[in-house]
Structure formats: C-alpha cells, structure tokens
Amino acid sequence: MTDLLEYQAKELFRAVGIPVLPSQQIDHPREIRQLKIPYPVVLKSQVRAGGRGKAGGVRRVENTIDAIATARRIFNLPIAGEYPEILLAETHYNAQQEYFLAIVLDYQLQRPVLLGSSQGGMQVEAVLEQVQKVAVEGEFSPFYARQLAIAMGLRGGSIDSVSDILVKMYHLFATKDLDSIEINPLGIGVDGEVMALDGKIAVNDRGLQRHPDLIELMGVPLASDDSEACLPNSTLQRLDMVNPKGNIGILCNGLDLGMATWDAVVQKRGKPAQCWAIGAQTSGILMPNDSLSQGLEVALERMREVSEVKVILINILTSPQVAETMVRTIANFLRPHLDEANGESEDRFERPTAAARALRRETSPSTLSNPSLPPPIVVRLPGAQLESIEPFWDELPLYWMETLEDAIARAIELARSL
C-alpha cells in the first residue's frame, strides 16, 4: 500500500469531477512570487503523515511577504520525521460546515465500506464519535451513498450533494484499485457548494501495473512483475517506503535496518528515494553467500536504472565472511562499468600507494560526472577486508566510511552536488 500526497489525490479528484480549490505546487519559497491564485492563500506541507495542521504544516497567509516566510518555515518543519519536498498553495475557503467521508476496503468483511461523519476536520476524536458506516453488498449503486448521507443526519439538498461526492469517490475507488480514499474535510459553503478541502488516497501496490496513469502520477519506477520486488528465498525485497522526489538509494541487509537507515537519512535532511533489503528475512546472515551476492548485484542494477537516484548508500551489518562477499560483489559490479568508461577490457590497474589510498574519499570530479558509471556509492560495511577492491578503488566513485553518521553525511553531500 502506498499513500499519495494531497496534491496527487486532488489530481485524481479533479479527474472524476470532485470539486477542488484552485491551487499551485511550490518547490521552493522563491516560487511564492509567481503565485497565480489570489490571497488569502493556505500553504500546506505535502507529507504523508497525519496531523499536519496541529504540527504547524498548514498555514493561512495574507500577502507575499508572509507567504515567503511561512513557506520557509514549513519546508524546514519535519512532520513524523518527514520533510516536505513540495508545498501546496491553495485558495482559502470559508466553510460553513465540514464533513468526513471515506471508503475503505474491509478485509474482514471482504467488501468496501462507506464511512461518513457530520463532524469533519482536525478533531479526530469528534469525527470518530459520530462516524456512520454502510457496507456495500454486491454491486454498488447510489442507494448506498444516500443511505450513508441520511445516517449522517443530512437533510434536504445536502443529501444529494454529499451522495454525489460519494458516488464519484466510489468510482475512483473501484476503477483505480484503491485500498482507501478519504476526504476530510468536505467543506460546505454558504451557498451549499461542496468542496474537497483535503484528500488522502492509499493505492494498492499489487494493482498498480493495471494503472499506468497512477504510476506516472506517483513517479515511481515499477518492476515488470512481483519477482522484481521480492526475489526467491527472500534474497531481495523493496520496502514500501518510496519517495518520488528523493535522490538517495538505500541498500541494507534486513527490513529493520533498512527502515532505521531511511529514518536516519531523513533526520539529517537527506532525501531517500527507495530502499532495498538484501536477505530481508534473515538480515543477510543465514543465507548462502551466492544468494547474498545475487541480491546485492540485482539491487545495485535496480538503483542504477532509477534516474532519480544520484547516490547509493549501502549500510550492511554482518559477519566478516559475508562482508568479504559483499566487497567482492561491489567490485565485480563496478569493474565492467569502469572498463567500459575507459575503453579497457584487461586488468591494467596497479596496486595504489598508501598515499593514494588516503585520498580515496575524494573521488575526482571527472569520475563523478562520467555517465558510463553508476551513481557514486557510499559504503558502510564494518569488518570488511578491502584487498579485493583496492587495486582500482581510487578510479571509482566509491566511498568507504567507518560510521553510519559519516556515510549519511557523505551521501547527502554528494546528492546535493550532482
């Protein structure tokens, strides 16, 4: 399951006729000066975590000067450890009433369930106290939407307005293979106009291959089948965490280490794009060396194919024997690319001097910019013996770091410079 950002969800709302406000995406505070929507404007942090409003990630501004200062604060505000890559600038809307609407796939009932509350907005407790449920039995019809609207206590024209929104939500839910879709709040204006003021959508990853428009919207490169994301014997598994705006690819051994490394990169203001776990179920220790090598080699190729990934960060904690295998795999992966870049096919490299080895953390700019080579690789691999890779290490965009903190700092530095 992958959560869309608000602006992505509203793109889908707009496509099915759910009304949304005029808005504009902001990638940097300076773009505030090019706003095409009139003030007052609401600036919204585009992160997947909930509670943006209470955390300070949603702010109303009245003019350009205040908007630039507020945008800077929001860009530098982590919410649940996530920094926004984009802000959504949206026209302010005076809602007279706010409702909560949602459709979720109930796995226990094995059917979709419509949810609605006459109380919407940030007060989650109040929303839950009044939430009503209607399970969809068999084929969907507008009857279910009207049934929920009436159960919410709506009267008169509000029943038709809210029912129409629910019908469009269900169409989107069914045709795009979604796990859930939510509008909170659905604002009602003084003239009875309805407006989706916020939106959340959870996409079912297994159904993504049937929806190239969703893949394009999310900006996520996908494998051609399930074997790409999860190889046999748990050799390699891609974590659900994906950031289309990220530029650092993470490779770890074990799911827990992968998630911890992702969080550590975010905390240092880095931008992880995706993460692969090698030996996902065994933390890369109990598996045969050839399987681990295969997993690492495939993961490196996957990262090389992702255009957004500018730097690869490898963080592996394992035994010295496995570490040596990993070193050899990295060397074997890089060597053909180096030969191709240099037009060489034979081993012409001499063992570098101690002085050269001391300077290897400063790879030359010409090597970093060589399009024939994979992205720079930053490696933290405690206990590894480097003899197998040393003969040509100084020719490669490769960095060996002792601590994770140093490795993350170097990866972020490289990603920002490329």
Side-chain angles (χ1 to χ4, degrees), residues 220-224 227-239 241-243 246-255 257-258 261-262 265 270-280 283-284 287-318 322-342 360 363 367-368 370-381 384 386 388-390 392-393 395-401 404 407-408 410-411 414-415 418:
V220 178
L222 291 178
S224 59
S227 64
E228 299 279 0
C230 187
L231 297 179
N233 300 320
S234 300
T235 300
L236 182 64
Q237 181 173 332
R238 186 177 60 210
L239 277 65
M241 300 180 293
V242 174
N243 178 11
N247 52 24
I248 298 176
I250 299 174
L251 302 181
C252 294
N253 57 320
L255 296 174
L257 184 61
T261 305
W262 180 289
V265 172
K271 302 174 183 179
Q274 57 178 260
C275 179
W276 292 81
I278 306 159
S283 295
M287 301 186 67
N289 283 359
D290 56 348
S291 296
L292 290 169
S293 297
Q294 178 193 11
L296 179 57
E297 184 176 357
V298 172
L300 288 169
E301 286 291 350
R302 296 288 178 269
M303 289 295 187
R304 186 170 184 257
E305 294 168 359
V306 180
S307 59
E308 293 80 8
V309 171
K310 305 303 181 185
V311 178
I312 298 174
L313 172 62
I314 298 178
N315 181 29
I316 294 177
L317 301 178
T318 188
V322 174
E324 183 178 353
T325 299
M326 296 298 190
V327 170
R328 293 182 180 276
T329 301
I330 295 171
N332 292 335
F333 169 76
L334 289 171
R335 180 57 178 274
H337 300 297
L338 179 63
D339 289 342
E340 179 182 352
N342 290 327
R360 280 171 182 161
T363 304
T367 304
L368 286 175
N370 193 326
S372 299
L373 291 175
I377 300 177
V378 180
V379 183
R380 183 215 179 193
L381 191 58
L386 306 181
S388 61
I389 198 172
E390 278 187 343
F392 60 98
W393 177 8
E395 300 285 341
L396 296 171
L398 183 62
Y399 301 79
W400 294 89
M401 314 303 292
L404 179 59
I408 291 174
R410 178 53 60 90
L414 289 169
L418 295 175

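Atoms considered below: every heavy atom in the structure, side chains included; atoms not considered: hydrogens, waters and symmetry mates.
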If I take atom [atom1] from residue [X] and atom [atom2] from residue [Y], how far apart are they, to the nearest 0.5 angstrom?
X: L414; Y: Y399; atom1: CG; atom2: OH; answer: 4.5 Å
X: L317; Y: L404; atom1: CG; atom2: CG; answer: 8.5 Å
X: M401; Y: L313; atom1: CE; atom2: CG; answer: 10.5 Å
X: I278; Y: N253; atom1: CD1; atom2: CG; answer: 7.0 Å
X: I314; Y: R380; atom1: CD1; atom2: CZ; answer: 13.0 Å
X: L251; Y: M303; atom1: CG; atom2: CE; answer: 4.5 Å

Any L300 side-chain heavy atom under 4.5 Å of I377 side chain: yes

For I330 and L296: C-alpha separation, side-chain torsions, deciding distance, then whether side-chain contact (heavy atoms from CB on, under 4.5 Å) applies. CA-CA 8 Å; I330 295 171; L296 179 57; 3.9 Å; yes

At their closest point, which heavy atom of [X] faces which heavy atom of [Y], and how far apart are they?
X: N247; Y: A273; result: N-CB, 4.0 Å
X: T261; Y: C252; result: OG1-SG, 3.4 Å
X: P375; Y: V309; result: CG-O, 3.7 Å
X: W262; Y: I250; result: CA-CD1, 3.7 Å

Under the criterion side-chain contact (heavy atoms from CB on, under 4.5 Å), I'd like the reasoning laid out for I248 against K271: C-alpha separation, chi angles, the key distance, then a yes or no. CA-CA 6 Å; I248 298 176; K271 302 174 183 179; 5.6 Å; no

Apply side-chain contact (heavy atoms from CB on, under 4.5 Å) to V378 and R410, showing your working. CA-CA 7 Å; V378 180; R410 178 53 60 90; 4.0 Å; yes

